[in-house]
Amino acid sequence: MQRIIFSILVLLSLCTLTAGAQKRRVQNKPFIDERRFHYGFTFGLHDQSIRLSNNGYTDPETGRQWLAQNDNHNLGFSVGVLGEWKLCRHLALRVNPSLHFGSKHISFRDTGTGDEETQDMKSSYIAVPVDLKISAPRFNNYRPYVLAGISPMYDLTAGKHTLLRTREFNTMLELGMGCDLYLPFFKLIPELKFCIGLGNVLKKDRSDLLDPTQMVFTKSIDRATTHMVVLSFYFE
């Protein structure tokens, strides 16, 4: 583990030296990283997606078979607050309660007739990610980092009476990278993060359906996992 952390720090240090053109400059806010606790806020954009595993189910009454896919991606909006606890010079534990507003578009195609049904699956996630942040040494006004962690999420708008329905609670693995930019009056942190769903969020119990024939869409899928790509800007 120590060897892995050391390799990451060496890589990040090389990135920092390249960004700073290997020339020392006057540092903005030189003592900001000496604080034990850091606070800030964030906003950004994200792309939600859902991976569907079709099983080839054929309706015994109609003989129809449906294939589902996430055929369109829509940008969503994210906002949150940041709390960071400095563990040592290069390691920090970060908590980032956030709201993610977005949607996923799903289409169902009949393999025989080519008919299509669609669903716009809206989501409003409350997320409380806990990440370990590994930072390179600061050079001039740049300090790149990588992070990894777990993000429990709750969907406030998991809809009823829809072709597919997902569970409200989900957990995602987070992997990302970013860079602390030290400006004269505050610290700006652009970050790119990949969130990978760890569990099956497909809800098989569809007692909410008003039309029983729509159950064929749920039966046609074995598993659904959600994913997100998040571009955030932190202000500290």
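What you are looking at is a predicted structure, and each value in this text was computed from that prediction instead of being measured.
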Does [atom1] belonging to [X] count more than 12 external heavy atoms closer than 6.0 Å?
X   : atom1 : value
E61 : CD    : no
K86 : NZ    : yes
R89 : CZ    : no
R35 : CZ    : yes
F31 : CZ    : no

Identify whether the distance between the nearest side-chain nitrogen and carboxylate oxygen of [X] and [Y] falls below 4.0 Å.
X    : Y    : value
D120 : K122 : yes
K187 : D33  : yes
R94  : E191 : yes
R109 : D71  : no

Under 30°, 30 to 60°, or over 60°: which ring-plane class applies to H100 and H46, parallel, tilted or perpendicular?
->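 Perpendicular: the ring planes of H100 and H46 meet at over 60°.
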For Y182, which fellow cluster members are found when Ile, Leu, Val, Met, Phe, Trp and Tyr are connected by side-chain heavy-atom distances below 4.5 angstrom, either directly or through intermediates?
->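 In the cluster with Y182 are I32.
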What is the distance from atom OG of S151 to atom CD1 of I196, rounded to the nearest 0.5 Å?
->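 Answer rounded to 0.5 Å: 12.0 Å.
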Distance-only donor-acceptor check, side chains N96 and Y234, under 3.5 Å |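 Checked: N96/Y234 side chains pair up, N/O donor to acceptor below 3.5 Å.
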How about D180 and S135: does a side-chain donor come under 3.5 Å of a side-chain acceptor?
->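 S135 and D180 do not have a side-chain donor-acceptor pair below 3.5 Å.
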D208 side chain vs L210 backbone, donor-acceptor pair below 3.5 Å |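 Absent.
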Listed by chain and number, what are the side chain to side chain donor-acceptor pair (under 3.5 Å) partners of S207, not counting sequence neighbours?
->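 If we apply the side chain to side chain donor-acceptor pair (under 3.5 Å) test to S207, skipping adjacent residues, there are no hits.
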Partner residues of E116 under the salt bridge (charged side-chain N to carboxylate O under 4.0 Å, His left out) criterion, sequence neighbours left out |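 Here no residue qualifies.
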Any side-chain heavy-atom pair of I150 and L198 under 4.5 Å |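 Yes. Closest side-chain heavy atoms under 4.5 Å.
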Do L163 and Q214 come close enough that some side-chain heavy atom pair is under 4.5 Å?
->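 Yes, side chains in contact.
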Could you give me the CA-CA distance, side-chain angles and deciding distance for K193 and S232, then say whether side-chain hydrogen bond (donor to acceptor under 3.5 Å, both in side chains) is met?
-> CA-CA 8 Å; K193 187 164 57 178; S232 302; 5.6 Å; no
